[in-house]
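Structure first, commentary second.
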Number of protein chains: 2
Amino acid sequence: MSVQERKQRERASRERLIVATARELAEQQGWDAVTTRRLAERIEYSQPVLYSHFRGKREIIGAVALQGATEMAVAMRAATAAADGPRARVTALARAYLAFAERHPAVYDALFQLDGGLAYAREDTPEPLKDAFAALLECLSEVAGDGVRPELFTETFWASLHGLATLTRAGRLPPEDTARRTELLVNRLAML
Amino acid sequence: MSVQERKQRERASRERLIVATARELAEQQGWDAVTTRRLAERIEYSQPVLYSHFRGKREIIGAVALQGATEMAVAMRAATAAADGPRARVTALARAYLAFAERHPAVYDALFQLDGGLAYAREDTPEPLKDAFAALLECLSEVAGDGVRPELFTETFWASLHGLATLTRAGRLPPEDTARRTELLVNRLAML
DNA sequence: TCGATTGTCTAGCGGTGCTAGGATCAAACC
DNA sequence: GGTTTGATCCTAGCACCGCTAGACAATCGA
């Protein structure tokens, strides 16, 4: 029995290696550079091995996205926990969100821009994704304002941050005024 | 001379055909389906002909984006012109923007999601792009509020709409509440 | 009429995601 | 202990991608 268990462990470890390598490659050179050939070479296995762990490239992106969601939730909670009062919390959240997107562009893409084959905003949504949304919700609920469903407010606030993050990174918005735009968003959207 | 002119006309006409066909194909089956081979087949020329008009696929996307920018500017101005008062104008603008993104997803992608090799938010930004932003600016200036640069307000409002549009279309936000989110955005961001 | 130019095509390069089928090797059974 | 069985992994290859070199035909200017 112990032999089988060892093999299972090794298999699980190799799967983690694949995800970590894919993520590393994506952060270094962008997702376009993450080809099955390059990925296979880096983990020192042949291409078909990837397909014994994942259905295809899409699922690998999905795996990176799930990892990223967990980390994002942690980052959001850490940022808000360190802040005092609703206003400071929302500001910290917004800044932390944009910082995460800027510092981990590949993970952010896997989460919100690419197709990782994951279900969002549904009952069968994977737990890490639900939890990342919950982390936003926890902070934003207290500033949603009267008569506005916290979920709806969170979605809207999140979408605004997402727009800022993506347009800035794609060179559609000049990066200098990011802080001022963020401030404007917080001032106007949050009911303090 | 007239022969040369005729040839120039024919060449220009073929270029329009390429852009129109690329756009059509993208609207029907998504940009992934727009391959140089398929595109060449549809216009009934060989692949290299495309490269005598455009440097590559990226430039074709860029051409579709410029077309789209012009149409978007027209659509935004039409929507705001038909509305009475600042509030109605902003609401109309927001709805028209999201409607445009939903009805012309491929054009929207070419404009704001894909790399068409265009410069944004700079001096050398192509005129259609500047004008599309100007169309937003015209409407949003009057609700920017005191002490807020209209350009900065427009960028922020635009980014929020962009976030809503992309997250909704990518299945990250449930589509049912789009109207309510839009309403919330207008109510909070615009100073009426 | 003859070279030069222009326009277009066929064929092919190196790359992509993905898979069929064969080799290898360890565990299980007689 | 030798044989069979099953899991594991790799080589090789498919159809497709963006893009381009080089051959060929048609047209133009002298």
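We name chains A, B, ... by the order of the sequence lines, and we start the count at 1 in each one. Bear in mind that the values here come from a model prediction, so they are computed numbers and not experimental data.
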Nearest to side-chain heavy atoms of P48(B), which nucleotide of dT20(D), dC9(D), dT8(C) = dT20(D)
query = Which whole-number value in Å describes the distance from E41(A) CD to dC10(D) C1'?
reply = 15 Å
ask   = What is the distance from OH of Y51(B) to P of dG12(C), rounded to the nearest Å?
value = 18 Å
ask   = If you look at every strand shown and take non-hydrogen atoms under 4.0 Å, does R14(B) touch a base, only sugar-phosphate, or nothing?
value = sugar-phosphate
ask   = If you take all heavy atoms of L185(A) and S160(A), which pair is closest and at what distance?
value = CD2-CB, 3.6 Å
ask   = In whole Å, what is the span from the CD atom of E44(A) to the P atom of dT8(D)?
value = 20 Å
request  = Starting from C1' on dC9(D), measure out to CG on L50(A) and report it in whole angstrom.
outcome  = 12 Å
ask   = Of L66(A), T125(A), I61(A), which is the lone residue that meets side chain to side chain contact (heavy atoms under 4.5 Å, CB included) with L118(A)?
value = L66(A)
inquiry  = From CG of D32(A) over to C1' of dC17(D), roughly how many Å is that when rounded to an integer?
reply    = 13 Å
ask   = Taking the side chain of Y45(B) as its heavy atoms from C-beta onward, which of dC28(D), dC9(C), dG18(D) lies nearest to it?
value = dC9(C)
message = By the 4.0 Å heavy-atom rule, please label S46(A) as base, sugar-phosphate, or nothing.
response = base
inquiry  = Measuring from the side chain of R37(B) (C-beta onward, heavy atoms only), which nucleotide among dT19(C), dT16(C), dC17(D) has the closest atom?
reply    = dC17(D)
ask   = Whole-Å distance between dG15(C) P and K57(B) NZ?
value = 19 Å
query = What nucleotide, of dG17(C), dC9(C), dC10(D), holds the atom closest to the side chain of Q47(A)?
reply = dG17(C)
inquiry  = Using every non-hydrogen atom in the two residues, find where R172(A) and L114(B) come nearest and quote the distance to one decimal.
reply    = NH2-O, 2.9 Å
request  = Mind telling me whether H162(A) and F112(A) have parallel, tilted or perpendicular rings, with 30° and 60° as the class edges?
outcome  = perpendicular
Considering all heavy atoms, the nearest F100(B)-G68(B) contact = CZ-O, 3.8 Å
message = Looking at every non-hydrogen atom in both residues, tell me the closest pair between R38(A) and A33(A) and how far apart they are.
response = NE-O, 2.7 Å
ask   = Rounding to a whole Å, what distance do you find between L114(A):CG and dG17(C):P?
value = 13 Å
request  = Rounded to 10°, tell me the angle between the two end axes of the helix from dT1(C)-dA30(D) to dC30(C)-dG1(D), each built from five pairs.
outcome  = 30°
note = Assert: residue with more 5' nearest nucleotide on DNA chain C, out of R55(A) and R38(A), is R38(A)
ask   = T35(B) side chain: which of dC9(C), dC17(D), dT27(D) is closest?
value = dC17(D)
note = To the nearest angstrom, the NE2-P distance between H53(B) and dG18(D) comes to 17 Å
ask   = OP1, OP2 of dG17(C) versus side-chain N and O of T36(A): anything below 4.0 Å?
value = yes
ask   = Where do R42(B) and E24(B) come nearest, in terms of heavy atoms and distance?
value = NH1-OE2, 4.1 Å
